[in-house]
Amino acid sequence: MESLKCSICGKKAAVQLRQMVNGSEQTIWLCAVCARNYGVFPQNTLPFSVIKNIEAALFSGFNEKEKYCLHCGCTMEFFRKNGYLGCAQCYEDLRGDLLPLLENMQKFLKHIGKSPKKFGPIVKKSTAKKSTDQVSLLKQLQKAIDEERFEDAVKIRDQLRLRTKNEGD
Amino acid sequence: MKAINSLFKTYRKHFDQHHQPIVMRSQVCLIRNFLEFKFSDFATDDEKRKILNFAKICTRKLKNFKTSFDLTALTPAERLALQEYEMIGKKLLTNHAWSEVICGSKVRAAVTINGGDHLRICVIHSGLQLKKSLEKASTIDDEIDGGDYAFLPDIGYLTSRPCSLGTGMRAAVFMHLPGLVLTEQIQYLTNAVQQIGIGINNVYGDSSRILGHVFKISNQQTLGIKESEEIRRLGDVVKTVMEQENMARTSFLEQNRILFRDRIGRMYGVLCSCYTLTSDDALEILSWMRFAVDLGIFDVKYRPGIDRLMVEIQPGNLALRCDQILTEEEQDRKRAIIVHTFFKQMGEPRFTD
Ligand SMILES: [Zn+2]
Ligand SMILES: [Zn+2]
């Protein structure tokens, strides 16, 4: 899965789209930037007009000005339109635009509630805070999930659980 | 018996516990996501399939959560009935690809997979029991937690909707407020409550029409406040609303003594002898009956039955009970039969003066 390239620009693909063409399913891969530029988000089917746009894009450039999530391609525009975000990484990549929107509703913008109890903070980007062991376990976990070895995934999860528990002690 | 029917049979018993005037039930939901996947609403069907398979394994160790339903495999009536029991959100009635709900066999609790977010842990208790609901939800949360939740120390649990960012907690109390509605103070109260960052919505009817006098009072703050503190704040608001409601009831009854009694008597007659009963009328009349129970006009032991009927007379539950899709006319007829049985056994209203 990792090696797939964007059908438009050839960068690493982030979004997969499927479209029925003459009764057979065709897969189109797009990188985060291209997906964003063509208003395409994983909704499974691709309207014909979007395909036309993609074809057109093969022959023209695209703008990279708007901020977007590097992992899923979600933008503030998408969020404003749909009311939801794409992934955990959005909170890192769109943070500057996102958090001010919450100011009215929230007391102050700091989490002081519960934390994942036994394990401490884990987020992809902040690898510095994690031990190399933990990082490698998380990588293994992601790999197992990508390959749909869910039973293995859960075993890795249990290791992660044990590991972080010991650190906390 | 079908799994879903026996589940509802257990849930029906829950109404008997901790029933009280004004407060109907407390609900606490915790929203959680796994780090490895995009949020469910954003994910493709194939990703959702993976999320589901993964989440199922992560939740299989949960104690007393043995019944699960693949929402796509359920009939529309069964989905609707689950929604009427507040086990799933409304959105899952139509958009339920690769979604499942795992239901508690002892507590009225559910873990929904792929309903917007990866996990929604939801616990409901009768009466004002926010603390107990939070504790239970939090225990389930800890059991599932495998060290791979999407979480940032400074902004908390990451949710698909930023309005839940932080604690990821949505807590609510369902309140029966006929006094405030009848004395036309509800709008004033709504504004006051909203001003301190607590949400209030009518549960039945729509934005222009209040039905059944049932309101959902819910928390809005998820950042800058601890779960327990927000629950306490919500509980305090609920207690204030209870006081207001009691005052409103007193003033309504002072001014409408005869009218109130007459209305209860007439409505009781309708419940015992109507041939058909629409859902709107049923909710409205049941609300008046609950009000009457609070005043001792009917025996207090019938209160849980009225609360239960408020769920059972809804379309999904009716269809499930009859094991078939009913036309609107058939529903109205069936509804009438159900309320007859209950209210005849309850006996006529006792007006002491
Ligand atoms: Zn591209
Ligand atoms: Zn993202």
Side-chain angles (χ1 to χ4, degrees), chain A residues 15-18 41-44 71-72 74 78-79 82-92 95 98-99 101-102 105-124 126 129 134 137-138 141-142 145-146 148 150-151 153-154 157-158 160-161 163-165, chain B residues 30 32-51 53-54 56-58 60-61 97 116-117 138 141-142 145-163 165-169 197 220-230:
Chain A
V15 181
Q16 180 195 24
L17 294 154
R18 273 156 297 146
F41 289 92
Q43 306 294 353
N44 306 321
H71 181 62
C72 73
C74 184
F78 177 88
F79 167 64
N82 299 280
Y84 58 85
L85 294 161
C87 70
Q89 186 73 41
C90 293
Y91 281 104
E92 295 272 22
R95 178 182 281 239
L98 212 47
L99 291 193
L101 298 179
L102 303 177
M105 209 161 45
Q106 304 291 355
K107 213 166 170 188
F108 55 97
L109 300 179
K110 172 98 183 78
H111 177 63
I112 58 168
K114 183 180 179 177
S115 300
K117 227 181 196 166
K118 305 143 189 160
F119 322 108
I122 302 170
V123 146
K124 274 189 180 153
S126 43
K129 291 175 197 136
Q134 205 174 351
L137 280 172
L138 275 173
L141 179 60
Q142 183 71 60
I145 286 168
D146 286 343
E148 299 193 32
F150 295 115
E151 292 293 340
V154 167
R157 230 171 156 253
D158 285 342
L160 202 60
R161 190 192 281 252
R163 165 94 215 127
T164 35
K165 208 181 204 170
Chain B
L30 295 176
R32 298 292 184 253
N33 288 284
F34 297 113
L35 184 62
E36 297 89 351
F37 307 93
K38 293 179 189 128
F39 296 140
S40 303
D41 268 342
F42 197 85
T44 61
D45 274 0
D46 195 52
E47 282 169 317
K48 281 177 84 173
R49 181 178 58 79
K50 287 189 191 178
I51 296 166
N53 286 328
F54 183 67
K56 269 166 85 169
I57 298 179
C58 297
R60 72 180 165 194
K61 280 183 191 154
D117 288 270
S138 196
D141 177 37
D142 291 342
D145 191 344
D148 56 350
Y149 273 155
F151 177 88
L152 281 169
D154 59 340
I155 51 172
Y157 292 95
L158 308 177
T159 54
S160 68
R161 270 90 181 150
C163 58
L165 177 69
T167 57
M169 182 186 75
Q220 311 266 289
Q221 289 185 9
T222 52
L223 274 169
I225 191 157
K226 281 186 178 162
E227 291 86 348
S228 54
E229 180 61 19
E230 182 69 345

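FYI, side chains are in, hydrogens and waters are out, and symmetry mates aren't considered; it's all heavy atoms of this structure.
Note that CG of Asn82(A) and CZ of Arg161(B) are 9.0 Å apart. Values are rounded to the nearest 0.5 Å. Atom CG of residue Leu35(B) and atom CD of residue Gln89(A) lie 9.0 Å apart, to the nearest 0.5 angstrom. The distance from atom CG of Leu165(B) to atom CG of Leu99(A), rounded to the nearest 0.5 Å, is 7.0 Å. Taken to the nearest 0.5 Å, the CZ atom of Phe79(A) stands 9.5 Å off from the OG atom of Ser160(B).
Under the rule for a salt bridge (charged side-chain N to carboxylate O under 4.0 Å, His left out), Lys226(B) has no partner lying at least two apart in sequence or in another chain. Checked against ring-ring contact (aromatic ring centres under 6.0 Å, His included), Phe54(B) has the following partners two or more places apart in sequence or in another chain: Phe34(B), Phe37(B).
In this structure, Phe151(B) and Ser115(A) approach most closely via the heavy-atom pair CZ-OG, 3.6 Å. In terms of heavy atoms, Ala88(A) sits closest to Ala150(B) at CB-CB, 3.7 Å. Between Asp146(A) and Lys50(B), the shortest heavy-atom contact is O-NZ, 3.4 Å. The minimum heavy-atom distance between Phe150(A) and Ile57(B), with the atom names listed, is CB-CD1, 3.2 Å. Contact between Glu36(B) and Ile145(A) at its shortest, heavy atoms only, is CG-CD1, 3.5 Å. Thr167(B) and Gly113(A) make their closest contact through CG2-CA, 4.3 Å (heavy atoms, listed as atom of the first residue, atom of the second, distance).
A donor-acceptor distance shorter than 3.5 angstrom exists from the side chain of Glu227(B) to the backbone of Lys114(A), with no hydrogens or angles considered. Remark: the backbone N or O of Thr159(B) is paired with a side-chain donor or acceptor of Tyr91(A) at under 3.5 angstrom.
A 4.5 Å side-chain heavy-atom check between Phe42(B) and Cys90(A) finds every atom pair outside the cut-off.
Among Pro162(B), Gly156(B), Gly197(B), the residue with the largest count of heavy-atom pairs under 4.5 Å with chain A is Pro162(B).
At a 4.5 Å heavy-atom cutoff, Leu101(A) makes no contact with chain B through either its backbone or its side chain. Proximity to chain B involves both the backbone and the side chain of Ile112(A), based on heavy atoms less than 4.5 angstrom apart. In this structure, no portion of Lys48(B) lies under 4.5 Å from any heavy atom of chain A. No part of Ser40(B) comes within reach of chain A, as not one of its non-hydrogen atoms sits under 4.5 angstrom from that chain.
With respect to Asp154(B) and Arg95(A), a salt bridge is recorded, a charged nitrogen being found less than 4.0 Å from a carboxylate O.
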Could you give me the CA-CA distance, side-chain angles and deciding distance for Glu151(A) and Arg60(B), then say whether salt bridge (charged side-chain N to carboxylate O under 4.0 Å, His left out) is met? CA-CA 12 Å; Glu151(A) 292 293 340; Arg60(B) 72 180 165 194; 3.1 Å; yes
Quick one, Leu223(B) with Lys110(A), criterion side-chain contact (heavy atoms from CB on, under 4.5 Å). Give me CA distance, side-chain angles, the key distance, then yes/no. CA-CA 6 Å; Leu223(B) 274 169; Lys110(A) 172 98 183 78; 6.0 Å; no
Mind running side-chain contact (heavy atoms from CB on, under 4.5 Å) on Leu152(B) and Glu92(A) for me, showing each step along the way? CA-CA 9 Å; Leu152(B) 281 169; Glu92(A) 295 272 22; 3.6 Å; yes
Could you walk me through whether Thr222(B) and Leu102(A) pass the side-chain contact (heavy atoms from CB on, under 4.5 Å) test, one step at a time? CA-CA 10 Å; Thr222(B) 52; Leu102(A) 303 177; over 6 Å; no
